[in-house]
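Scroll down for the structure; my scribbles are underneath it.
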Amino acid sequence: MTVSPRRNRPRRDDNPQLDAERARHGVPTVQQWRDGDWQVRGIAGGASAKTYRCPGCDQEIRPGVAHVVAWPADDRGDLTDRRHWHSGCWRARDRRGPNLQRGRSAPRYG
């Protein structure tokens, strides 16, 4: 009995290649709020490398903490209008206003 060698066929990839940068930084979505439409992107903890200050609670968002980035979706602003929020603070932003407690000379994280 003769055994024929196994034929190596290329596998069909059922999942298209995922862009690593998009997977790391999230895909922006448009959310509607009372003050307009906002582009919102979730940032995974591993993709966060800087310290930011959340405008909702005025607390730091430390490196490695998952959070969201939001900016105006229409022509009201540009990339300098991006703000990093704790996820819970972003969801609660309609229920409370900004809570600024730091002094004017305190460093501002952007």
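Numbers for residues simply follow the sequence, beginning at 1. The analysis underlying the following values was restricted to heavy atoms, covering all of them including side chains, and did not include hydrogens, waters or symmetry mates.
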Worksheet, complete the sentence: For H86, the side-chain hydrogen bond (donor to acceptor under 3.5 Å, both in side chains) test, sequence neighbours excluded, returns none
Fill in: For H84 against I61, the heavy-atom pair lying closest together
O-CD1, 3.6 Å
Worksheet entry | Reported CD-to-CD distance for the pair Q39 and Q31, which is rounded to 0.5 angstrom | 10.0 Å
Worksheet item: Taking the six-membered ring for Trp, are W90 and W85 parallel (under 30°), tilted (30 to 60°) or perpendicular (over 60°)?
Response: perpendicular
Response to the item:
Correct closest heavy-atom pair for A66 and S87 would be O-OG, 4.4 Å
Worksheet item: Quick one: side-chain contact (heavy atoms from CB on, under 4.5 Å) partners of R62, sequence neighbours excluded?
Response: T51, E60, V65
Fill in: R34 side chain vs D94 backbone, donor-acceptor pair below 3.5 Å
yes
Item to complete: I would like to know whether R83 and Y52 meet side chain to side chain contact (heavy atoms under 4.5 Å, CB included); could you show each step before the answer?
Response: CA-CA 9 Å; R83 294 293 176 262; Y52 300 99; over 6 Å; no
